[in-house]
Amino acid sequence: MRALYDSKSTSIDDRGIKNLLSEENKIKTWLKVEATLALSQAEEGFIPMEAAQEIAEKAKIENIDMEQMKKIKAKIGHGFVPFLKVFLLSCSEESGKYLHYGVTTQNIQQTSQLYILKQIQEVLYDFIADILDNFAKLAIAHKDTVIPGRTHGKHAIPVTYGYKVSVWTSELMHAVDRMKESEKRVFQVMMGGAVGGFNSVGAVGRRVQDRVAEKINMYSMEVPSRSTCVYKEEYMMNLALLCNTLHKFAEEVYYTGLEEFQEVCEAFQEGTVGSSTMPQKINPKLAKGIIANSEKLYSILPAGLYGGSRMFEGDSSSYMLMEGLLEEAVELCTEVVMRAEELTRTLHVNKESMLRNAWINKGLDNSEHVMMCVAEKLGKDKAHSLCYEKAMQVELDGKDYLQVLLEDEMISSMFTKEELEEMIDPAGYTGECSALAVEVAERAQKMAQSLRGA
């Protein structure tokens, strides 16, 4: 595994993904695809049905001598032929004639890898469903929890924490949409032979490919080119975009957990040690793993683009690179979603600190609200100039915002002290944040049910 690991890597259930990526499962899948190919060819009358049935019957992992495979591989220097030679030993001479008939190595290996990735994607959907539910609960619980809205690293105008969660939730649902929509391009069976043109099998090969795809619940590649890599790149990009949203969430947890913010924090388990030298340290363990693994995932995307642009009808260096990158991308994404599910489920939200931070500028964050109220009487341009002047007195002279407003003859003539106090209250100027939080949360819960097949 090439993801970035820490103490959390072994304490969270990966729900079977690591087993799907094991060497043993890879060989099991090769066997499954070879057996499906033989049966599909027999159904089209291309090979004898008796031979296909025996190949399918013998396609069991216990019939593969792993040590013998290693010895043959060391001798002939090919990654797949040793598997075929060992598999052939379990078949009769007559049936063995039709094993791996009319196809090439990459046909089986690539189809098998994409089959595994399709299985993994279902597990990722299961994680995402839980994350969506967790986000929905957070959004609804904190639909009215006031927090400073921040742009360019500075306070802007107030929002609610539920609204903030709704942004991540909406992005996550879009990530699912992209993943679902791309399945027909990504999870494709390729059985076109040496260069992809069905040279050795003719028209029957196209029908066989269709049958294989139907049997293993995948899609049949329109033009089974061995040099086409764009859908693999699309798959990795989709994983990166999924992780990008979870990364953004983790970044906010990481930084707003600082003592200077104290707005959220990861759940603390008694006995957890944050530092070998500083006894007081309680570090963000889940968030850091999301951030680090996401950033590594982004870094491998350019390599995929370079590897996918090789010339001619096939290139082994491209296959080698793509196979490794796809596996690495899944490993990295798995570490991200594992942590994100736990973090979204256990996150502690400090409502009091959020409200305190919203008031840190003593109502100045609501200057837009004041301006809009003044604009109703003076017009937008005049209101902006007047409120800008008042805001600068606070920012540059360190004056109290309410006092500055009360001291202005024009403003104090238009509004009472009570009205101005209400106008600068962050809780009174969050727009549609609460409604958006609830609406998005409800859609997220529906998508979560759909992903689980409910």
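What you see below is based on every heavy atom in this structure, not just the backbone, and it leaves out hydrogens, waters and symmetry mates.
In this structure, Y163 places its OH atom where only 12 or fewer heavy-atom neighbours from other residues, nucleotides or ligands lie under 6.0 Å away. A 6.0 Å sphere centred on CE of M372 holds no more than 12 heavy atoms belonging to other residues, nucleotides or ligands. Under a cut-off of 6.0 angstrom, the local environment of CE in M320 is sparse, with at most 12 non-hydrogen atoms contributed by other residues, nucleotides or ligands. The local environment of NZ in K184 is crowded, with over 12 non-hydrogen atoms from other residues, nucleotides or ligands closer than 6.0 Å. For K73, the NZ atom is loosely surrounded, since the number of other residues' heavy atoms within 6.0 Å does not exceed 12.
The ring pair (Phe, Tyr, Trp, His ring centres under 6.0 Å) test applied to F87 returns F83, not counting sequence neighbours. Looking at residues two or more places apart in sequence or on another chain, you find a side-chain contact (heavy atoms from CB on, under 4.5 Å) between V404 and K390, Q393, V394, K399. Not counting sequence neighbours, T160 has no partner by the side-chain hydrogen bond (donor to acceptor under 3.5 Å, both in side chains) test.
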Query - Derivation and outcome, side-chain contact (heavy atoms from CB on, under 4.5 Å), residues N361 and K154 - result: CA-CA 11 Å; N361 289 331; K154 301 278 285 184; over 6 Å; no

**Report entry** Q110/M322 under side-chain contact (heavy atoms from CB on, under 4.5 Å): CA gap, chis, key distance, verdict
**Finding:** CA-CA 10 Å; Q110 179 171 300; M322 280 295 175; over 6 Å; no

Query - Residues F249, L347; criterion side-chain contact (heavy atoms from CB on, under 4.5 Å); working and verdict - result: CA-CA 11 Å; F249 158 65; L347 185 70; 4.2 Å; yes

Requested in this report: Start with the C-alpha gap between E395 and L364, add the side-chain angles, then the distance that decides, and say whether side-chain contact (heavy atoms from CB on, under 4.5 Å) holds.
Outcome: CA-CA 9 Å; E395 289 280 15; L364 185 62; 3.5 Å; yes

Requested in this report: In sequence, state the C-alpha distance, the side-chain angles, and the governing distance for Q121 and Y125, and then conclude on side-chain hydrogen bond (donor to acceptor under 3.5 Å, both in side chains).
Outcome: CA-CA 6 Å; Q121 183 131 310; Y125 287 148; 3.0 Å; yes

Report task. Before giving the answer on salt bridge (charged side-chain N to carboxylate O under 4.0 Å, His left out), spell out for K232 and E323 the whole-Å C-alpha distance, their side-chain angles and the decisive distance to 0.1 Å. Result -> CA-CA 9 Å; K232 300 176 191 175; E323 183 177 348; over 6 Å; no

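Salt-bridge annotation for K70 and E23: absent, with no side-chain N of the basic residue lying under 4.0 Å from a carboxylate O of the acidic one. Using a cut-off of 4.0 Å between Lys/Arg side-chain N and Asp/Glu carboxylate O, E214 and R211 are scored as not salt-bridged. For E222 and R185, the salt-bridge test fails: no basic side-chain N is under 4.0 Å from an acidic carboxylate O.
Counting only distance, with no hydrogens or angles, the side chain of E266 and the backbone of K285 share a donor-acceptor pair below 3.5 Å. Listed for the S353 side chain is a donor-acceptor partner under 3.5 Å among the backbone atoms of Q262. Remark: side-chain polar atoms of T104 are not paired, donor with acceptor, to backbone N or O of Q106 under 3.5 angstrom. Using a distance-only test at 3.5 Å, with no hydrogens or angles considered, a donor-acceptor pair links the side chain of S412 to the main chain of D408. Under the 3.5 Å distance criterion, the side-chain polar atoms of T111 are matched with a main-chain donor or acceptor of M190. With N134 contributing its side chain and E341 its backbone, the two residues share a donor-acceptor pair below 3.5 Å. Side-chain atoms of R339 come within 3.5 Å of backbone atoms of E335 as a donor-acceptor pair (strictly under, hydrogens ignored). In terms of modelled atom types and a separation under 3.5 Å, the side chain of S170 and the main chain of S166 share no donor-acceptor contact. A donor-acceptor pair is defined here as one N or O able to donate and one able to accept, closer than 3.5 Å; no such pair exists between the side chain of S22 and the backbone of K18. Judged by distance alone, the side chain of Q209 and the main-chain N or O of M221 form a donor-acceptor pair under 3.5 Å.
With no hydrogens or angles considered, a side-chain donor-acceptor pair links D210 and S220 at under 3.5 Å.
Among all heavy-atom pairs drawn from I157 and D365, the shortest one is CG2-O, 3.2 Å. Summarising the geometry of G304 relative to E233, their closest heavy-atom pair is O-OE2, 3.1 Å, with the distance given to 0.1 Å. Of all heavy-atom pairs spanning A136 and A444, the tightest one is CB-CB, 4.5 Å. Nearest heavy atoms, M66 versus I61: CE-CD1, 3.5 Å. Closest of all the heavy-atom pairs between M423 and N366 is O-ND2, 2.9 Å. When all heavy atoms of P158 and V146 are compared, the pair lying nearest together is CB-CG1, 4.3 Å.
Using a 4.5 Å heavy-atom threshold, the side chains of P148 and I360 count as separate. Looking at R452 and D133, their side chains come closer than 4.5 Å, going by heavy atoms from C-beta outward. In this structure, the side chains of M191 and I108 come closer than 4.5 Å at one or more pairs of heavy atoms. Counting heavy atoms from C-beta on, the side chains of V370 and Y401 come closer than 4.5 Å. The shortest side-chain heavy-atom distance between V264 and M354 falls under the 4.5 Å cut-off. Side-chain contact check for L332 versus C243: every heavy-atom pair is 4.5 Å or farther apart. In this structure, L301 and M237 have side chains that are in contact, with non-hydrogen atoms separated by less than 4.5 Å. Taking the side chain as every heavy atom from C-beta outward, L132 and L451 approach each other to under 4.5 Å.
Between T145 atom OG1 and E352 atom CD the span is 9.0 Å, to the nearest 0.5 Å. How far CD of E327 is from CG of L117: 8.5 Å, rounded to the nearest 0.5 Å. With rounding to the nearest 0.5 Å, the separation of CG in L37 from CG in N107 is 8.5 Å. Going from atom CG of D130 over to atom CD of E342 covers 12.0 Å, rounded to the nearest 0.5 Å. Here I131 contributes atom CD1 and D126 contributes atom CG; the two are 10.0 Å apart, rounded to the nearest 0.5 Å. Taken from CG in L31 to NZ in K60, the straight-line distance is 10.0 Å, to the nearest 0.5 Å.
Checking each of S317, S227, S318 against R310 for a side chain to side chain donor-acceptor pair (under 3.5 Å) leaves exactly one that passes, namely S317.
Within the structure, side-chain hydrogen bond (donor to acceptor under 3.5 Å, both in side chains) contacts touching residues 432-444 (residues at least two apart or in different chains) are D144-S434. For the ring pair (Phe, Tyr, Trp, His ring centres under 6.0 Å) condition, the pairs that include at least one residue of residues 347-391, sequence neighbours left out, are H369-Y429.
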Solution key, residues 250-261 side-chain donor-acceptor pairs under 3.5 Å, sequence neighbours excluded:
from, atom 1, to, atom 2, distance (Å)
E251, OE2, H247, NE2, 2.8
E252, OE1, K164, NZ, 3.2
E252, OE2, K164, NZ, 3.4
T256, OG1, E252, O, 2.3

